[in-house]
Structures are given as C-alpha cells and as structure tokens.
Amino acid sequence: MNFIVETLQMILLTIYYHIEAFIKLFIPPKLKDLSGEIVLITGAGSGIGRLMAIEFAALDVSLVLWDINEDGLKETARQAKEKGGSRIYYFQCDCSDRAVVYRVADQVKREIGDVTILINNAGIVNGKKFMDTPDALIEKTIRVNSVSHFWTYKAFLPAMIAKNHGHLVSVASSAGLIGVNGLADYCASKFAAVGFAESVALELIAEGKDGVKTTIVCPYFINTGMFDGCGTKWPRLLPILDPDYVAKKIMKGILTDQVYIFLPRTLYFLLAVKCIVPFKQSVNLGMYFGAFSFMDAFKGREKKQN
Ligand SMILES: NC(=O)c1ccc[n+]([C@@H]2O[C@H](COP(=O)([O-])OP(=O)(O)OC[C@H]3O[C@@H](n4cnc5c(N)ncnc54)[C@H](O)[C@@H]3O)[C@@H](O)[C@H]2O)c1
C-alpha cells in the first residue's frame, strides 16, 4: 500500500471513466442477446409488470410471471401470447410470504429451470400519513416492497453466481432516493429495496462475478393506477410518466446493462442537489416542486376498485 501511488491511480482512473462515459454518450450501446434466458417478473398481473412481460414476449425467452392476483396473471399471459410469446408460465405467488416464495421458486426451478433474469417489481402503497397507517399495513408494505427481494435473491441468485451469468432488476422508486411527505412506509420500503440491490451488486463485484448484471429502477409517478389522484406541480420538469415509456426504458436498460435508471432525468439533478445544499434549501426546493402536496389527492388502486 502506497498512498501516493494509489491516489494517483485513483485520479487517473477517475479521468479515464469520465472520458469513457462521455464518449459512450455518442455511441449507440450494444444490445445483448437474451435468447434462451428465463425471465421472472414479480407483480406481473398489472401495470409495469404486465407491460414488461409483453415487451419480453417478443424475444426468444421463457417468461415466468408471478403475482398474488391470478386473474391479472391470466390476462398478462394472454396478452404476452398475443405478442408472440410461446413459453409463458404463470404462478400465483404472495411475495410477502417467505415460505410461499421458496415453495413457488422450487416449483419454477423443477418445472422450467434456473431463472437468469429476475425482475423484482411487485409493489403496494397505502397512501396514508404515517401515524394514521395501521401497523399491519406498514409491515405488509415493507414485506412486499423490500423483504420479498431477500427471498427471491436467495432462491435464484445462487444459480446465477455458479454460472457467472444473470441479471437482477429492482423496480424501486424515486421514493427510494428522496423522502416524500405522506409516503413514510412506502419510502422506507423503497430506500430498503435500493440499498439492498446496490449492496448485493457491490458484493457481486467484490467476488468477481461480473457476469451477473444489476439494474436499479427509480421512476417518479407512473400513470398505472397505483398512485391514482396524485398530481404533479410542474409537468414539464417532473411529468407523470407513461407506463409504456417506463417499460421500454427498463427493457432498454436490461439490454444495455444500465446500472441505474432514474426517470425522468430531472431526478439525477434533484438527488445530487439534495446531497449538497443546506437542508432548508432542500425544503425550499421540495416546496417549489410540490413535494409537500404530492399525496394530497391520493386515491390509489384500492379505492378506485371499491
Ligand atoms: N405507479 C407508480 O407511480 C410507481 C412509481 C414508482 C415506482 N413504482 C413501482 O413500480 C412497481 C410496479 O408498480 P405499478 O405501477 O405497475 O403498480 P400495479 O399496482 O399496477 O402493479 C403492482 C403489482 O404487484 C402485485 N402485488 C401486490 N402485492 C403482491 C404480493 N404480495 N405478491 C405478489 N404480487 C403482488 C399486484 O397484484 C400488482 O399486479 C411497484 O414496485 C411500484 O412500487 C410505481
């Protein structure tokens, strides 16, 4: 260990990686071939999960769809078949229940094979102020949105590590990067999802398993129904995202091994600013962007269905 040598090496690599990243801005990224991959999507019974299933259906992959909602799964499988998917399997699975995740994962491994692309996408939100949220709902949100990821990784990551081949995708949220008034338990669950996915990604790098790729997706509100009622103050700066656009961005991110996908791009700026400005200025910016009233008109999916 030599402080001067290592510091020089770090500075040179810093310059190299920035130049590399700059040049890559002008070169279309190479898309990887997904033929023969086994893709598992949790929360595939609606929204982004369904749209990703439809995107994958056009490729030569085996699709494994999980959701707690069996009717939603059947509909996704039907639409994926219509798009040309030929190897589509669906399983009702409550991802918040560790025993169920392990049981259904074993069934998938026995009947279909080792999953090579795992997309943790299932999610719920209750939209209540923290002190008004029943304890059971808080626990459920954490179990579905983050703890379930531990069990799916435990079930499917060993085979990826053994072959040094695979891809782990975590559909988290911008609420996993920046706290939001009125979304405390949801933010906690998504910060946990981001921290977990990022840490395992680093473990894989440390172990030299560079064939197992990772992608963390952090979108702002998407127009799927999950956050029905929520508005945005400045739609040009922070637009409510179109579900098809998000699904296509995630797909492209997987095909190009993109590590972070923040949507819209304004989030890269807001996250950097949050870390460097005084707290009062963060609050000032939050007010400017309407962050204190995002959840005021929240209706969400449940109320809509009732
Ligand atoms: N909609 C948004 O504004 C938004 C924004 C950022 C991030 N996200 C995240 O994107 C992901 C997809 O959300 P979406 O907008 O498509 O919502 P969605 O409600 O359409 O889809 C979520 C799916 O998860 C399933 N699910 C819920 N609990 C489950 C459980 N215990 N086990 C298995 N499946 C379960 C639901 O049945 C549903 O099909 C979620 O993780 C969500 O938190 C959504």
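Whatever order the structure lists them in is the order used to number ligands and atoms, beginning at 1.
For the pair Y153/F196, a side-chain contact is recorded, criterion being any heavy-atom separation below 4.5 Å from C-beta on. Counting heavy atoms from C-beta outward, S173 and Y186 have side chains that approach closer than 4.5 Å. In this structure, the side chains of T215 and L168 stay at 4.5 Å or more apart for every pair of heavy atoms.
Here the shortest heavy-atom distance to atom 24 (O) of ligand 1, taken over S148, G72, S96, G43, belongs to G43.
Heavy atoms of A44 stay at 4.0 angstrom or farther from ligand 1. Judged by the shortest distance from any of its heavy atoms, K140 lies outside the 4.0 Å radius around the atoms of ligand 1. The closest approach between W66 and ligand 1 stays at or above 4.0 Å for every heavy atom of the residue. At least one heavy atom of P219 sits less than 4.0 Å from an atom of ligand 1. Residue contact check for ligand 1: T42 places no non-hydrogen atom closer than 4.0 Å to it.
Atom-to-atom distance recorded for K83:NZ and L63:CG is 14.0 Å, nearest 0.5 angstrom.
With a heavy-atom cut-off of 4.0 Å, Y186 touches ligand 1 through its side chain alone. With a 4.0 Å cut-off on non-hydrogen atoms, V144 touches ligand 1 through its side chain and not its backbone. Under 4.0 angstrom from ligand 1, the non-hydrogen atoms of T224 all belong to its side chain. With a heavy-atom cut-off of 4.0 Å, A172 touches ligand 1 through its backbone alone. Contacts of R50 with ligand 1, taken as heavy-atom pairs under 4.0 Å, are absent altogether. Heavy atoms of R143 found under 4.0 angstrom from ligand 1: none, in either backbone or side chain.
Side-chain contact of K140 with S96: a donor-acceptor pair under 3.5 Å is present, judged by distance alone. Using modelled atom types, one finds a donor on one side chain and an acceptor on the other under 3.5 Å when comparing N181 with K129.
Scanning the protein heavy atoms around atom 5 (C) of ligand 1, the nearest turns out to be Y220 O, 3.3 Å. Remark: minimum distance from atom 4 (C) of ligand 1 to any protein heavy atom is reached at I222 CD1, 3.7 Å. Remark: minimum distance from atom 27 (C) of ligand 1 to any protein heavy atom is reached at I124 CG2, 3.6 Å. The shortest contact between atom 10 (O) of ligand 1 and any protein heavy atom is with V171 CG1, 3.4 Å. Here the heavy atom of the protein found nearest to atom 21 (O) of ligand 1 is S46 OG, 3.3 Å. Atom 40 (C) of ligand 1 has N121 O, 3.1 Å as its closest protein atom, hydrogens excluded (heavy atom only). Of all protein heavy atoms, the one lying nearest to atom 33 (C) of ligand 1 is C93 O, 3.2 Å. Here the heavy atom of the protein found nearest to atom 36 (C) of ligand 1 is D67 OD1, 3.5 Å.
Scanning both residues, N121 and T42, for their nearest heavy atoms gives N-OG1, 2.8 Å.
For ligand 1, the atoms closer than 4.0 angstrom to any heavy atom of G45 are 39 (O). With ligand atoms numbered from 1 in the order given, ligand 1 contributes 16 (O), 20 (O) to contacts under 4.0 Å with heavy atoms of G47.
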| task | Starting from the C-alpha separation in whole Å, work towards a yes-or-no answer on ring-ring contact (aromatic ring centres under 6.0 Å, His included) for F294 and F221. | result | CA-CA 10 Å; F294 281 152; F221 291 128; 5.6 Å; yes

| request: List the steps and the verdict of salt bridge (charged side-chain N to carboxylate O under 4.0 Å, His left out) for D67 and K74. | output: CA-CA 10 Å; D67 203 291; K74 283 183 186 159; over 6 Å; no

